[in-house]
K.L.:
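Below is a structure I'd like to ask you about.
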Amino acid sequence: MSAIDDARGLLAGLGAGDPLGVWSSAGRANLIGEHTDYNEGFVLPFAIDRRTYAAVAERSDRMIRVASTFDPDPVEVDSAALAELFAGEPGAAVARGDVPEWAAYPLGVAWAALRGKPAPRGLDIAIASDVPVGAGLSSSAAIEGAAAAAFDELWSLGLAPIDQAKVGRTAENEAVGAPTGIMDQVSSIMGRTDAATFLDCRTLDVESVDLGFAREGLEVLVMDTRVAHSHATGGYRDRRDACERAAAAMGVPALRDVAVSDLDRAAELLDEVTFRRAKHIVTENARVLDTVRALRESGPRAIGELLLASHASMRDDFEISVPELDLAVDTAMSAGAIGARMTGGGFGGAAIALVEHDLVDEVCVGVTGAFEEAGYGEPRTFTVHPSDGAHRDA
Ligand code: ADP
Ligand code: MG
């Protein structure tokens, strides 16, 4: 069964009222620009053809009931009680056990979208997805985007796509309590077929950049190491802190404002580790701009070196890779990939490789074999295609 059918089936199983429709949003892969988002820099992600669906039915009261294929128990909250539920410290409702973490995503979106507005009519929402969770493909943004698209239409909120993305981020930061940037939501919601979303995380200017993968016979292969990552662990927080420290020492609002030519001065001002953290961000921003230029001027085969340089920077300077990700990247390159890099927040998750269509099987076999030889758990490999963002499906 497809995920959209699962969502519909789950909704029917709730004994819900008349179905109102199905909305969905995409997972995303980041082509390049890692950890640059919270440094007010540039990112170049794309929405993928793995989606999260929200099937929604009418209610006659004010209750919002959410169900997911993740959890047999639906969660029900009065829409008038959302403000109280999510008041206080980020993630407090989850920490208190008032809502399970997964439900804080869709309910947090409802809360963030409704802030200051009167309580709307209630809804039953059933969620199902084929975005792998915790693989760095942003199942979190996909669930937020699907919920935001549904609420926007059903409650006539008039939110532009970028505002839906902001609502998703607010839900994730404050209701769930995960300190993430806005890249995931923007790319999940605003993606376009065979294009990447070039986002300036300071101005929130968005441009669609033609990728030409389909036209050129190229595939993006995801190599999911299945090493679990979690934003709750210290690594992500630690890197954010290092970036803030570096920006403060350099006397700028964010590392976005540091140019590659300023790095010599940074080396004098910062301790060795903090310098390497900053160096990754500064050079990664430059690589995003170079990638956009290369795609526009020369096409997708010209970006391989930039992807590899990005991986090396995350491995050596930002230190967020793990041996499994390095092995996936190295093996993909030996098997003939054009470029490869880890994608997502790091400390596990997936790497991507840009591969000629005819070489995909060879790369998959190579990576799987290399993992076996190294004694690592079996990786999951699959291709993804740059796809449309949030929309109504039915
Ligand atoms: P990812 O890299 O996949 O975004 P996150 O840790 O950011 O990883 O988000 C994963 C979390 O999002 C899950 O643990 C769950 O709480 C929530 N989530 C994602 N998809 C769904 C879904 N289909 N149903 C319920 N919760 C979901
Ligand atoms: Mg996420």
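All ligand and atom numbering here is 1-based and tracks the order in the structure.
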K.L.:
Give the ring-plane orientation class for F46 versus F213, where under 30° counts as parallel, over 60° as perpendicular and anything between as tilted.
P.N.:
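F46 and F213: perpendicular rings.
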
K.L.:
Only one of T225, V322, D326, L325 passes side chain to side chain contact (heavy atoms under 4.5 Å, CB included) with M342; say which it is.
P.N.:
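Filter result, single survivor: L325.
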
K.L.:
What about S129: any of its N or O atoms under 3.5 Å from an N or O on ligand 1?
P.N.:
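Among all N and O atoms of S129, none is under 3.5 Å from an N or O of ligand 1.
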
K.L.:
Using a strict cut-off of 4.0 Å, indicate which atoms of ligand 1 neighbour a heavy atom of I143.
P.N.:
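Result: 21 (C), 22 (C), 24 (N), 25 (C), 26 (N), 27 (C).
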
K.L.:
For a 4.5 angstrom cut-off between non-hydrogen side-chain atoms, does E219 reach H385?
P.N.:
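Counting from C-beta outward, E219 and H385 do come under 4.5 Å.
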
K.L.:
Quick one: which of G348, S140, A146 has a heavy atom closest to atom 4 (O) of ligand 1?
P.N.:
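The residue whose heavy atom sits nearest atom 4 (O) of ligand 1 is S140.
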
K.L.:
May I ask you to list the atoms of ligand 1 that are less than 4.0 angstrom from any heavy atom of S139?
P.N.:
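Close to S139: 1 (P), 3 (O), 4 (O), 9 (O), 10 (C), 19 (C), 20 (N).
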
K.L.:
My understanding is that only one of I352, V367, T343 makes a side chain to side chain contact (heavy atoms under 4.5 Å, CB included) with M223; could you say which?
P.N.:
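Testing M223 for a side chain to side chain contact (heavy atoms under 4.5 Å, CB included) against I352, V367, T343 leaves exactly one candidate, V367.
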
K.L.:
Ligand 1 versus I127, non-hydrogen atoms closer than 4.0 Å: side chain, backbone, both, neither?
P.N.:
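For I127, only side-chain atoms sit under 4.0 Å from ligand 1.
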
K.L.:
Among V133, T52, V66, which one puts a heavy atom closest to atom 13 (C) of ligand 1?
P.N.:
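Minimum heavy-atom distance to atom 13 (C) of ligand 1 goes to V133.
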
K.L.:
For F382, does the six-membered ring have the charged nitrogen or CZ of R50 within the cation-pi criterion, i.e. under 6.0 angstrom from the centroid and within 45° of the normal?
P.N.:
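Yes, R50 and F382 form such a contact.
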
K.L.:
For F70, which part has a heavy atom under 4.0 Å from ligand 1: side chain, backbone, both, or neither?
P.N.:
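Side chain only.
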
K.L.:
Can you tell which of S68, S129, S138, S25 makes a side-chain hydrogen bond (donor to acceptor under 3.5 Å, both in side chains) with T52?
P.N.:
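The passing option is S129.
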
K.L.:
Are any of the N/O atoms in S68 less than 3.5 Å from those in ligand 1?
P.N.:
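Min N/O separation from ligand 1 is below 3.5 Å for S68.
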
K.L.:
Tell me, with the steps shown, if Y236 and H35 meet ring-ring contact (aromatic ring centres under 6.0 Å, His included).
P.N.:
CA-CA 9 Å; Y236 182 86; H35 286 256; 5.6 Å; yes

K.L.:
Of all the atoms in T180, is at least one N, O or S atom closer to the Mg ion (ligand 2) than 2.8 Å?
P.N.:
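Not a single backbone or side-chain N, O or S atom of T180 is under 2.8 Å from the Mg ion (ligand 2).
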
